[in-house]
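Notes for the one structure printed next.
First the proteins, then the strands, lettered A, B, ... as listed; each starts at 1.
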Amino acid sequence: MNNMIYNPSEIETKWRKWWEEKGTYKFNKNSNKPKFYNLVMFSYPSGNKLHIGHWYNYGPADTFARYKRLKGFNVFEPMGFDAFGLPAENYAIKHGIHPAISTRNNIEYMEKQLKAIGAMYDWDYEIDTSDPKYYKWTQWVFLKMYEMGLAYQKEAPVNWCPHCQTVLANEQVTADGECERCGTKVIKRNLKQWFFKITDYADRLLEGLERINWPEKTKIMQRNWIGRSEGAMIEFPVKDKDLKLTVFTTRPDTIFGVTYCVVAPEHSIVSKLTTDAQRNEVEKYINKTLTENEIERQSTEHEKTGVFTGSYAINPVNGEEIPIWISDYVIASYGTGMVMAVPAHDTRDFAFAKKFNLPIKIVIQPENVTIDSKSMSDAYTEPGIMINSGDFNGISSIDFKKRIVDYFEEKGIGKRHINYRLRDWLISRQRYWGAPIPIVHCPKCGTVPVPVDDLPVKLPENVDFNPKGKSPLASVPEFMNVKCPKCGGDAERDPDTMDTFVCSSWYYLRYPDPHIDDYPFNKEMVDKLLPVDQYIGGAEHATMHLLYARFVTKMLYDAGEIQFDEPFTNLFHQGTITRNGAKMSKSRGNVVNPDEFVEKYGSDTFRMYMMFMGSYEEGGDWDDKGINGIHRFLSRIYRLYKTYYFTEGKTKEESKSLKKRLHYTIKSVETDTERFSFNTSIARMMEFVNDAYDYVKKEINTEFLQNTLDKFLIVLSPYAPHLAEELWHFTGKESSIFDEEWPKYDEDILKEEKISLAVQINGKLRTTVEIDINSNESDVKELILKNERVLHYTTGKTIKKFIYIKGKIANIVVV
RNA sequence: GCGAAAGUGGCGGAACUGGCAGACGCGCUGGAUUUAGGAUCCAGUGGGGUUACCCAUGGGGGUUCAAGUCCCCCCUUUCGCACCA
């Protein structure tokens with residue numbers, strides 16, 4: 001056996017075993033080093049096992065954690081499984097394997113794969129959200145919500161997937177109106193569901209974004225998702241009827257320009273508004289919109305449709321009678337489900353008015369041009385001067401906007417209002433594989449929460465989970481029939497389970513003490529370890545998991561359970577790895593199977609190649625041959641140590657250039673690792689190794705070389721943990737390299753005395769000159785003007801200008 | 001349609017607050033070593049041109065001594081949002 005050949009599989013199993021035996025990665029609760037909670041988004045135990053996306057999340061994140069450890073932090077890096085959810089249940093329906101079993105099997109397999117990454121996970125802190133010991137406390141979170149008045153039941157139109165036979169959250173419906181999981185067209189259906197009142201926290205969810213270091217992109221998405229808009233609620237009495245239309249508008253300044261009102265077709269007020277003459281047509285229209293799917297209906301390109309109800313509303317500011325229409329361009333679930341229409345100043349109303357020949361009344365004139373309602377081709381939505389607006393003519397629309405709401409409030413017509421696009425969080429799922437909702441429905445007492453002492457409400461195992469349009473649990477009498485906790489009479493459990501996003505909304509609190517049995521989390525440990533210092537995971541969770549987790553944290557903060565209200569101080573989204581420029585997918589047949597490459601090259605090479613491919617933020621394109629480069633690099637390191645570390649040197653002289661290279665490498669890898677620029681970090685290490693080979697070919701100072709290589713090995717270790725540990729021990733050390741300290745670089749060594757200065761003539765590089773960094777401008781100028789190459793360009797010409805930027809560049813302008 | 005990010009060799013990608021474009025790697029070419037293959041090592045590698053030259057960071061303008069980087073217009077791609085009143 002040639003020991004000059006880098007054999008990763010041998011090395012890697014050896015050191016993983018050693019680390020486990022020595023407890024290298026056991027988290028020390030009592031350490032007095034500063035804490036660092038490094039968290040990755042836990043994984044869903046699917047039959048597809050760990051894919052490259054997982055690796056790309058976990059490998060580099062572990063490198064970061066190891067780096068932090070070497071920098072002197074007490075790093076907490078846990079791992080677990082988000083084990084409830086639809087796919088396991090769908091799998092069960094198809095193959096007849098109980099979700100509990102398939103989940104268990106998948107977890108076991110994935111644990112093995114996760115261990116192969118060689119990350120510093122301390123498995124004593126593992127979480128499985130489908131474990132009754134865990135979901136007991138997910139139910140506790142529900143009860144907290146209930147106690148805080150933030151959980152309520154409501155009959156509401158919900159997204160229904162006919163294939164999965166379940167309700168979906170808005171976020172689980174794709175832009176095309178399809179089920180995120182199975183691609184079936186989603187329809188609307190009315191059901192009584194549990195909601196969490198996230199809308200109560202809208203403003204605080206916005207405010208908190210100012211205090212956290214998250215990607216701007218993600219913050220913008222959350223802000224848009226919350227969609228705060230300021231405006232007014234205005235009441236329009238209905239002519240000859242004891243009814244009022246309440247509309248929300250952000251443009252109260254256009255109130256005099258209202259020429260009709262529109263109500264969403266599914267709004268309950270519609271039947272009351274419809275006159276006998278119009279009833280037939282209105283009902284036809286409503287039926288038509290109900291069968292249309294959401295995308296067609298909500299598309300901007302969608303031709304405006306609508307029907308007159310026969311009723312008229314009265315504009316409260318001028319008493320004008322205006323027709324009330326119904327149209328599907330008004331969304332029932334936003335605002336009040338009805339709007340005042342100002343075609344002159346709103347593009348959508350304009351299109352509608354044009355189509356149905358409704359009047360257009362201009363109330364705002366731009367300052368420099370005059371617009372006319374007959375000739376205008378689009379609505380005018382900018383500010384201007386008020387006209388046709390009674391006593392308010394002549395003032396600017398911006399001032400008017402501020403004043404009109406006060407006027408409304410004085411007259412009792414309307415009031416200031418802030419509206420949000422954010423909807424309450426629908427958490428009921430009519431599925432089996434989730435945490436049961438801890439509520440009992442009692443004919444006498446109504447909805448009664450299950451007392452905390454009776455938790456968990458255990459998910460029964462013997463259940464027929466084939467879809468039948470209602471929750472599988474509803475057909476399990478042993479589960480359903482229960483005594484009311486309040487009156488002791490016969491009652492029924494809630495048959496629904498919770499959205500898995502509830503499970504993942506608080507898991508980071510559980511990690512620090514996942515086995516605690518009398519409380520969801522260990523308060524002392526949570527105070528010590530939270531908030532999470534670095535959270536790393538996919539951008540696809542921007543408006544779901546990441547918003548829910550923030551909400552739950554704020555709720556628990558208000559409940560006095562925790563002392564911080566933002567869970568993740570720093571957030572980073574890793575990019576996506578493509579292959580041949582395309583997203584990996586089974587249908588394209590371009591999926592990289594990590595196991596295959598890990599087996600061939602080892603996990604150090606695999607992890608490092610992923611980090612080298614491109615920027616961590618943007619991802620990169622996988623190349624089957626590209627991985628060779630990293631494999632060669634690690635082999636080169638292996639041979640370097642094996643061949644030269646113990647070579648008898650013949651000189652006492654140190655190499656200034658290699659020393660400088662080392663310090664430059666330490667500094668670069670440090671700053672690049674801090675900013676997740678792993679690819680450049682690796683490039684710097686490659687440069688070091690190239691220089692080290694140049695050095696060992698010359699006369700060696702053994703002590704100097706050993707010193708240099710020891711330090712480099714520590715720098716390498718977060719990136720190639722197994723190899724670094726192997727070589728560390730090869731050089732004679734007994735303890736783990738991960739118990740070392742990150743080497744310090746010396747700024748003085750990095751300072752250059754002599755530099756090669758670029759010399760440009762008319763902005764074009766013509767030559768370089770060696771100068772002393774400290775030489776003054778006149779000396780540099782004198783030297784440059786004497787230079788042969790420079791003379792070639794300057795003789796016979798006039799030097800108009802000489803520019804010297806110290807230590808950077810010189811530019812001579814000649815004519 | 002709105003919002004955000006990005007467009008650099010054959011390929012993946014570097015380039016900090018404007019200052020030597022193409023670091024590092026893949027691939028390729030030539031050479032050394034080897035029975036051969038592989039591995040390794042050395043040299044070269046943006047394009048053009050007969051050697052001290054010209055052209056090049058999606059396209060077109062501009063600012064500047066100097067632009068991949070700043071400003072304006074346009075094109076393309078990716079990702080969010082999508083009649084939110």
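- The six-membered or imidazole ring of A:Trp214 lies away from that of A:Phe572, with a centre-to-centre distance of 6.0 Å or more.
- A search for side chain to side chain donor-acceptor pair (under 3.5 Å) contacts involving A:Glu230 returns A:Arg228, not counting sequence neighbours.
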### Footprint string (nucleotides 24-30 of chain B, 5' to 3'): B base within contact, S backbone only, - free, heavy atoms under 4.0 Å
BSSS---
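- Between the C1' atoms of B:rC71 and B:rU77, the separation comes to 24 Å (whole Å).
- Protein atom CE of A:Met613 is 20 Å distant from nucleotide atom P of B:rA23, rounded to whole Å.
- Between A:Arg223 and B:rC81, a side-chain N or O to OP1/OP2 separation shorter than 4.0 Å is absent.
- Taking the nucleotide of RNA chain B with the nearest heavy atom to each of A:Gly337 and A:Leu757, the more 5' of the two is matched to A:Leu757.
- As rounded to whole Å, 12 Å separates atom C1' of B:rG1 from atom NZ of A:Lys304.
- Atom name P, nucleotides B:rG27 and B:rC73: the rounded distance is 44 Å, in whole Å.
- In this entry the distance linking OH of A:Tyr638 with P of B:rU40 reads 15 Å, nearest Å.
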Table please: side-chain donor-acceptor pairs of residues 377-384 of chain A below 3.5 Å, with sequence neighbours left out.
unit_1, atom_1, unit_2, atom_2, d
A:Tyr380, OH, A:Pro383, O, 2.6

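- Atom NZ of A:Lys219 and atom C1' of B:rC81 are 20 Å apart (whole Å).
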### Message
Before you tell me yes or no, could you show the steps for A:Asp328 and A:Lys288 under salt bridge (Lys or Arg N to Asp or Glu O under 4.0 Å), namely the whole-Å CA-CA distance, both residues' side-chain angles and the distance that decides it to 0.1 Å?
### Response
CA-CA 10 Å; A:Asp328 62 4; A:Lys288 199 193 92 187; 5.9 Å; no
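- For the pair A:Ile803 CD1 and B:rU64 C1', the interatomic distance rounds to 9 Å; values are reported in whole Å.
- Among the heavy atoms of the strands lying under 4.0 Å from A:Lys697 are primed sugar atoms or P, OP1, OP2 only; no base atom is included.
- Per the geometry, CG belonging to A:Asp672 stands 17 Å off P belonging to B:rA23, to the nearest Å.
- Side-chain proximity of A:Tyr334 to the nucleotides B:rA52, B:rA85, B:rC41 is greatest for B:rA85.
- Using P as the reference atom, B:rA5 and B:rG10 are 29 Å apart when rounded to the nearest Å.
- Distances shorter than 4.0 Å separate none of the side-chain N or O atoms of A:Arg421 from OP1 or OP2 on B:rC81.
- A salt bridge between A:Arg223 and A:Glu210 is present, with a side-chain N of the basic residue lying under 4.0 Å from a carboxylate O of the acidic one.
- Taking atom C1' in both B:rA85 and B:rA6, one finds a spacing of 34 Å when rounded to whole Å.
- Here A:Lys801 reaches the OP1 or OP2 of B:rC65: one of its side-chain N or O atoms lies under 4.0 Å away.
- Looking at heavy-atom distances under 4.0 Å, A:Ser615 makes contact with sugar-phosphate atoms alone, never a base.
- Two residues are said to be in side-chain contact when any heavy atoms from C-beta on lie closer than 4.5 Å; A:Met584 and A:Ile52 meet this criterion.
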Which pairs of donor and acceptor atoms, one on a side chain in residues 765-775 of chain A, lie under 3.5 Å apart (sequence neighbours left out)?
unit_1, atom_1, unit_2, atom_2, d
A:Arg766, NH1, A:Tyr793, OH, 3.3
A:Asp772, OD1, A:Asn774, N, 3.1
A:Ser775, OG, A:Asp772, O, 2.5

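- Closest to the side chain of A:Thr768, out of B:rC65, B:rC20, B:rA85, is B:rC20.
- Distance NE2 (A:His541) to P (B:rC79): 17 Å, rounded to an integer number of Å.
- Contact annotation: A:Ser229 reaches the phosphate of B:rA85 (side-chain N/O to OP1 or OP2, under 4.0 Å).
- Taking the ring centre of A:Tyr329 as origin, the terminal cationic atom of A:Lys304 falls inside the region bounded by 6.0 Å and 45° from the ring axis.
- Between B:rG30 and B:rC55, the distance separating the two P atoms is 33 Å to the nearest Å.
- Rounded to whole Å, atom C1' of B:rG12 lies 14 Å from atom CZ of A:Arg579.
- For A:Arg675, counting side-chain heavy atoms from C-beta on, the closest listed nucleotide (B:rA15, B:rC20, B:rC83) is B:rA15.
- Aromatic ring centres of A:Tyr548 and A:Trp225: separated by at least 6.0 Å.
- Of the charged side-chain nitrogens involved, none lies within less than 4.0 Å of a carboxylate oxygen, so that A:Lys806 and A:Glu777 do not count as a salt-bridged pair.
- Of the charged side-chain nitrogens involved, none lies within less than 4.0 Å of a carboxylate oxygen, so that A:Lys625 and A:Asp623 do not count as a salt-bridged pair.
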Atom pairs and distances, side-chain donor-acceptor, residues 667-676 of chain A, under 3.5 Å, sequence neighbours left out:
unit_1, atom_1, unit_2, atom_2, d
A:Lys667, NZ, A:Glu747, OE2, 3.3
A:Ser668, OG, A:Tyr664, O, 2.8
A:Glu670, OE1, A:Trp742, NE1, 3.0
A:Glu670, OE2, A:Lys71, NZ, 3.0
A:Thr671, OG1, A:Lys667, O, 3.2
A:Thr671, OG1, A:Ser668, O, 3.2
A:Asp672, OD1, A:Arg675, NE, 3.3
A:Asp672, OD1, A:Arg675, NH2, 3.0
A:Asp672, OD2, A:Thr680, OG1, 2.9
A:Thr673, OG1, A:Val669, O, 2.5
A:Thr673, OG1, A:Tyr719, OH, 2.8
A:Glu674, OE1, A:Lys68, NZ, 3.3
A:Glu674, OE2, A:Tyr67, OH, 2.9

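- Going from the P atom of B:rA36 to that of B:rG25 covers 28 Å, rounded to whole Å.
- B:rG60 and B:rU69 have their P atoms separated by 13 Å, with the value rounded to a whole Å.
- Using a 4.0 Å heavy-atom distance criterion, A:Ile805 is classed as a base contact.
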### Pairing annotation in dot-bracket form, given for RNA chain B with Watson-Crick or G-U pairs under 3.5 Å and | for cross-strand partners
(((((((..(((......[....)))((((((.......))))))(((....)))..(((((..]....))))))))))))....
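- Base orientation of B:rG62: anti (glycosidic angle beyond 90° from 0).
- The side chain of A:Arg766 places an N or O atom within less than 4.0 Å of a non-bridging phosphate oxygen (OP1 or OP2) of B:rC54.
- An OP1 or OP2 oxygen of B:rA39 is reached within less than 4.0 angstrom by no side-chain nitrogen or oxygen of A:Arg636.
- Checking the phosphate oxygens (OP1, OP2) of B:rA85, no side-chain nitrogen or oxygen of A:Tyr329 falls inside 4.0 Å.
- For the C1' atoms, the distance linking B:rG13 with B:rC26 amounts to 10 Å, nearest Å.
- Residue whose closest nucleotide on RNA chain B sits further toward the 5' end, between A:Lys808 and A:Lys764: A:Lys808.
- Residue A:Asn224 is out of contact with every strand shown, counting any heavy-atom pair closer than 4.0 Å.
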